[in-house]
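Below, each value reflects all heavy atoms present in this structure, side chains not excepted, and no hydrogens, waters or symmetry copies. So that the names make sense, note that chain A is the first sequence line, chain B the second, and so on, each numbered from 1.
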Protein chains: 2
Amino acid sequence: MTIENDAGSSLSELFAADPLSVALAELIQEMRPGDKLPSERDLAVRLDVSRTALRDRLGMLEGLGVLRRRTGAGTFVETLRPDALAFALNLAISSSHLPLASLESVRIALERQAAAEAARRADPVLIAYMKRAIDTMAATELSADVLDADRAFHQSLLRAAGNPSLTFFAEALSNVLTKDLADRSERLLHEPLTTSRQALLVDHHTRIYDAILAGDPDAAMRAVDGHFDAIGNS
Amino acid sequence: MTIENDAGSSLSELFAADPLSVALAELIQEMRPGDKLPSERDLAVRLDVSRTALRDRLGMLEGLGVLRRRTGAGTFVETLRPDALAFALNLAISSSHLPLASLESVRIALERQAAAEAARRADPVLIAYMKRAIDTMAATELSADVLDADRAFHQSLLRAAGNPSLTFFAEALSNVLTKDLADRSERLLHEPLTTSRQALLVDHHTRIYDAILAGDPDAAMRAVDGHFDAIGNS
DNA sequence: TTCACTCAATTGGTAGTACCACTTTCCAAA
DNA sequence: TTTGGAAAGTGGTACTACCAATTGAGTGAA
């Protein structure tokens, strides 16, 4: 009866979590996103714990973004939500004083990798979205539009990479850095949109785009680095 | 009285979390790691909720690795623990079917960035640890020792980068990939340690080391890529 | 005085009950 | 057939009681 610990042992061995958490984790591992868990009352009986203790762990798993509890409906297995991770990271940055700059470099690392993988895939349809963002960026005369186009570009870049983990972490980081980015954007919005600066941005993004279109991962990575070096100093 | 929402508003605006979670998050943000929270009974009264509801959220925050509850002692603010994130990621990978390969590429991206930053810092003391790992790798005749030295090398590389966020994410990913790595290691342990393979590994690591020692970020990144390309095909 | 021990207060952990609000289902009435 | 609402089920909260671990102050002896 205690033989099916293929998936469970790795969790219980790696993390010295309490048995109840591990039991729940193993249960969830056997389910798929969207599946409905047994009701709290049933599950409490089945696991031989009180509903109070069970809810404590369910709260934890919901905090981790693994579960979603819907009042009146039930508890469901969730797909990993980047915003849940972002919530944790936000708290951690405040309480643990993780420097924003160090997070920025993680973001750069992910974007660089995304560019490389996008170049390897070279999916014409997905790459077209990047091109559209660049065109928008070049056509407008408003700082706000440039910022929007910039966001759209980086988003389409991640999509073009087609790497779910990369997308997940990058989105989580984006959420974390949103406040910082908002401050920076605010500053840029109050600056006049100089033609030279706009041309510079368009040029940088075009280089990334060209490298990906050409299927050159190394050139794509260099282009991303050049981009972030430039806006880092602006 | 409602003016001090500099840190709080970002949380409540970004995440549509319930008020209680946000209130707790704001409280935690004003504290430092190691600080002790009020007792559950006091906090429940202060926030005007039941201890039941409060414990539900505390469970969530503990799951996120932000808090640590110690029976009989109290609840304390924690520094961000990579293993907590790894726990969540493990569950997420199982339930959301995030491909291991996509996670590997995130790991590569982080390691590449670490190499670049280590080269920029060029801290002789920290770099020396990398050299030691390489020497160990070259001197031994056991597969197990090579694997240990390999781990030591990548660990000292992250340390040499001196980027806390990079280290945090890389460690979390290492924990997640531990099972997969264990399988791979197992396979390697049963293979004979060919001199050519060992020389290849030593050569790859030496290239990374040399580039960092020379303070050349680009070369360091290329060396990391070369390394992972090679072991990816082995 | 100093050290070691005991014990009571405090704290987190669990159990159980009751009730509320919301959702879903299904059956009966139009 | 359609529609309305009742009923059952679910998560959310509150409250009480008790357990186990920790802490610290007080007490005792050396």
Side-chain angles (χ1 to χ4, degrees), chain A residues 12 15-28 31-79 81 83-84 87 91 95, chain B residues 12 15-28 31-79 81 83-84 87 91 95:
Chain A
S12 52
F15 317 100
D18 60 315
L20 182 49
S21 295
V22 174
L24 280 174
E26 295 179 10
L27 176 64
I28 293 170
M31 306 177 68
R32 292 185 308 174
D35 286 355
K36 185 175 177 297
L37 268 73
S39 74
E40 295 182 351
R41 290 163 179 86
D42 286 352
L43 205 51
V45 172
R46 190 198 295 190
L47 299 177
D48 195 31
V49 294
S50 71
R51 198 180 156 212
T52 310
L54 176 62
R55 277 189 58 80
D56 188 89
R57 314 314 160 84
L58 289 179
M60 176 184 101
L61 293 174
E62 189 180 32
L64 292 174
V66 177
L67 293 181
R68 170 78 183 282
R69 292 185 285 188
R70 287 171 47 202
T71 304
T75 304
F76 301 85
V77 178
E78 268 270 351
T79 51
R81 290 173 299 148
D83 61 320
F87 185 85
L91 277 177
S95 59
Chain B
S12 52
F15 317 100
D18 61 315
L20 182 49
S21 294
V22 174
L24 279 175
E26 294 179 9
L27 176 65
I28 292 171
M31 306 178 69
R32 293 186 306 175
D35 285 354
K36 185 176 177 298
L37 269 73
S39 74
E40 296 183 350
R41 291 164 177 86
D42 286 351
L43 205 51
V45 172
R46 191 198 293 190
L47 299 177
D48 195 31
V49 294
S50 71
R51 200 180 152 211
T52 310
L54 175 62
R55 277 188 58 80
D56 189 89
R57 314 314 159 83
L58 289 180
M60 177 185 101
L61 293 174
E62 189 180 31
L64 292 174
V66 177
L67 293 181
R68 170 79 184 281
R69 293 185 285 189
R70 286 171 48 202
T71 305
T75 304
F76 301 86
V77 178
E78 269 269 350
T79 51
R81 291 172 298 147
D83 62 321
F87 185 85
L91 276 177
S95 58

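- Between the axis at the start and the axis at the end of the helix from C/dT1-D/dA30 to C/dA30-D/dT1 there is an angle of 0°, using five pairs per end and rounding to 10 degrees.
- Among pairs with a residue in residues 41-53 of chain B, those fulfilling salt bridge (Lys or Arg N to Asp or Glu O under 4.0 Å) read B/E40-B/R51, at least two apart in sequence or across chains.
- Mapping A/A73 and A/V49 onto DNA chain C by nearest heavy atom places A/V49 closer to the 5' end of the strand.
- Bounding nucleotides for the chain B contact on DNA chain D, 5' to 3', at a heavy-atom distance below 4.0 Å, are D/dT13 to D/dT23.
- With DNA chain C read from its 5' end, the first of the two nearest nucleotides for A/R70 and A/D48 is the one closest to A/D48.
- At a non-hydrogen distance threshold of 4.0 Å, B/R41 from residues 35-43 of chain B come into contact with DNA chain D.
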Item checked: Derivation and outcome, side chain to side chain contact (heavy atoms under 4.5 Å, CB included), residues B/M31 and B/V77 -> CA-CA 7 Å; B/M31 306 178 69; B/V77 178; 4.0 Å; yes
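- With a cutoff of under 4.0 Å to any heavy atom of chain A, the contacted region of DNA chain C is bounded 5' to 3' by C/dT14 to C/dT24.
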Item checked: Pair B/L27-B/L47, side chain to side chain contact (heavy atoms under 4.5 Å, CB included): steps then yes or no -> CA-CA 11 Å; B/L27 176 65; B/L47 299 177; 5.8 Å; no
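- B/L67 is not listed as a side-chain neighbour of B/L24, based on a closest heavy-atom distance of 4.5 Å or more.
- In this structure, CG in A/L37 is found 6.0 Å from CD1 in A/I28, a value given to the nearest 0.5 Å.
- Pairing each heavy atom of B/L43 with each of B/P38, the nearest pair is CD1-CG, 3.9 Å.
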Under 3.5 Å, side-chain donor or acceptor atoms of residues 68-75 of chain B against the rest of the protein: list the pairs with distances, not counting sequence neighbours.
| residue | atom | partner | partner atom | Å |
| --- | --- | --- | --- | --- |
| B/R69 | NE | B/E62 | OE1 | 3.1 |
| B/R69 | NH1 | A/D56 | OD1 | 3.2 |
| B/R69 | NH2 | A/D56 | OD1 | 3.3 |
| B/R69 | NH2 | A/D56 | OD2 | 2.9 |
| B/R69 | NH2 | B/E62 | OE1 | 3.0 |

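- Put simply, the side chain of B/S21 reaches to within 4.5 Å of the side chain of B/M60, judged on heavy atoms.
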